[in-house]
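Worksheet for the structure shown next.
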Amino acid sequence: HHESPDAAPYQRLFTRRKANMSFIYRCADGYISYIGNTDRQWAGAKKMMGNPEWLEGELFDTSQARLENADAVEAALAEWYTTHTKEERFAVGQLHHLPVYPVYEPAEVARNSQYEARGFFIEHDHPVAGRVKMPGAPYVLSRPPWRIRRPAPRRGEHNREILEAQLSRRDSSAA
């Protein structure tokens with residue numbers, strides 16, 4: 001198979017083409033995530049940003065055109081997000097029914113009002129770490145009730161048990 005001399009530059013451009021836009025953007029106080037390129041989401045994103053005139057036109061009319069011009073779309077979003085906090089941008093995104101949400105640091109997750117309201121984090125007595133706050137049930141069922149059956153294992157706690165099981169399987173498969 002022989003390629004024409006014009007194929008090499010095209011191939012180089014093709015392999016550098018983006019497959020998707022960025023989905024994490026810096027805000028005044030951290031980061032926010034926005035994932036969305038459908039026409040409905042784009043219309044909402046433009047409204048969310050105050051309908052800047054320069055985002056109108058054929059360069060951004062379709063999802064394919066937006067992907068081909070992702071650098072301009074990303075620049076617009078990046079600039080817009082940095083001017084406010086992630087909670088402010090999250091609230092505006094929600095008003096426009098957009099997949100926009102804050103990227104929380106671990107301490108922020110631990111203080112999250114939704115998690116607190118549903119009692120997601122629980123206190124647990126660990127044999128080494130002592131009393132620790134940790135994630136609880138991922139969802140609540142009436143039957144059977146969720147519970148912790150045993151603490152997180154300590155380093156090496158189950159080594160003998162695991163090695164014996166592996167040796168047992170090896171010996172039984174060799175027979």
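These values consider heavy atoms only, across backbone and side chains, with no hydrogens, waters or symmetry-generated copies. The residues of the chain are indexed from 1 along the displayed sequence.
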> Taking it one step at a time, do Glu53 and Lys46 satisfy salt bridge (charged side-chain N to carboxylate O under 4.0 Å, His left out)?
Replying inline: CA-CA 9 Å; Glu53 191 175 312; Lys46 288 190 307 187; over 6 Å; no

>> One pair to check against side chain to side chain contact (heavy atoms under 4.5 Å, CB included): Trp42 and Asp61. What are the steps and the verdict?
In response: CA-CA 9 Å; Trp42 179 244; Asp61 275 353; over 6 Å; no

> When you look at Cys27 and Ile32, which way does the side chain to side chain contact (heavy atoms under 4.5 Å, CB included) test go after all the steps?
Replying inline: CA-CA 7 Å; Cys27 286; Ile32 196 147; 3.6 Å; yes

>> Checking Arg40 against His96 for the side chain to side chain contact (heavy atoms under 4.5 Å, CB included) test, could you report, in this order, the C-alpha distance in whole Å, the side-chain angles of both residues, the deciding distance, and whether it holds?
In response: CA-CA 10 Å; Arg40 186 195 65 74; His96 294 286; over 6 Å; no

>> As a quick check of understanding, evaluate side chain to side chain contact (heavy atoms under 4.5 Å, CB included) for Ile122 and Trp146, giving each step before the final call.
In response: CA-CA 12 Å; Ile122 62 168; Trp146 181 89; 3.8 Å; yes

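For the pair Arg89 and Asp29, the salt-bridge criterion is not met [side-chain N within less than 4.0 Å of a carboxylate O]. A salt bridge does not link Arg66 to Glu74: none of the charged nitrogens lies less than 4.0 Å from a carboxylate oxygen.
Around atom CD of Gln166, more than 12 heavy atoms belonging to other residues, nucleotides or ligands sit under 6.0 Å away. Around CD of Gln114, the count of heavy atoms belonging to other residues, nucleotides or ligands within 6.0 Å does not exceed 12. Within 6.0 Å of NE2 on His126 lie more than 12 heavy atoms contributed by other residues, nucleotides or ligands.
The CG atom of Leu95 sits 12.0 Å away from atom NZ of Lys47, with the distance rounded to the nearest 0.5 Å. Once rounded to the nearest 0.5 Å, the distance linking CE of Met49 with CG of Leu55 reads 5.0 Å. Note that OG1 of Thr38 and CG of Leu98 are 8.5 Å apart. Values are rounded to the nearest 0.5 Å. Of the inter-residue distances, the one linking Tyr101 atom OH with Ser33 atom OG reads 3.5 Å to the nearest 0.5 angstrom. With values rounded to the nearest 0.5 angstrom, Ser168 atom OG is found 12.0 Å from Leu163 atom CG. Expressed to the nearest 0.5 Å, how far CE of Met134 lies from CZ of Phe120 amounts to 9.0 Å.
In the hydrophobic clustering of ILVMFWY residues, with side-chain heavy atoms under 4.5 Å counting as a link, Val128 and Val132 come out apart. Cluster membership check: Leu59 shares its hydrophobic cluster with Trp54, using side-chain heavy-atom separations under 4.5 Å among Ile, Leu, Val, Met, Phe, Trp and Tyr.
Contacts of Asp125 classified as side chain to side chain donor-acceptor pair (under 3.5 Å), with partners at least two apart in sequence or in another chain: Arg131. In this view, Glu87 and Tyr104 satisfy the side chain to side chain donor-acceptor pair (under 3.5 Å) rule, not counting sequence neighbours. Contacts of Phe121 classified as side-chain contact (heavy atoms from CB on, under 4.5 Å), with partners at least two apart in sequence or in another chain: Val109, Tyr115, Lys133, Pro135.
Contact of the Val100 side chain with the Tyr81 side chain is registered, since non-hydrogen atoms from C-beta on lie closer than 4.5 Å. Residues Trp80 and Val92 form a side-chain contact, since some pair of their non-hydrogen atoms from C-beta on lies under 4.5 Å apart.
Listed for the Glu79 side chain is no donor-acceptor partner under 3.5 Å among the backbone atoms of Ala76. The closest donor-acceptor contact from the side chain of Glu157 to the backbone of Arg154 lies under 3.5 Å. Remark: side-chain polar atoms of Glu164 are not paired, donor with acceptor, to backbone N or O of Glu161 under 3.5 angstrom.
For the residue pair Arg118 and Pro138, the shortest heavy atom distance occurs at NH2-O, 3.0 Å.
In the model, Glu116 has no side-chain atom that pairs as donor or acceptor with a side-chain atom of Ser113 under 3.5 Å.
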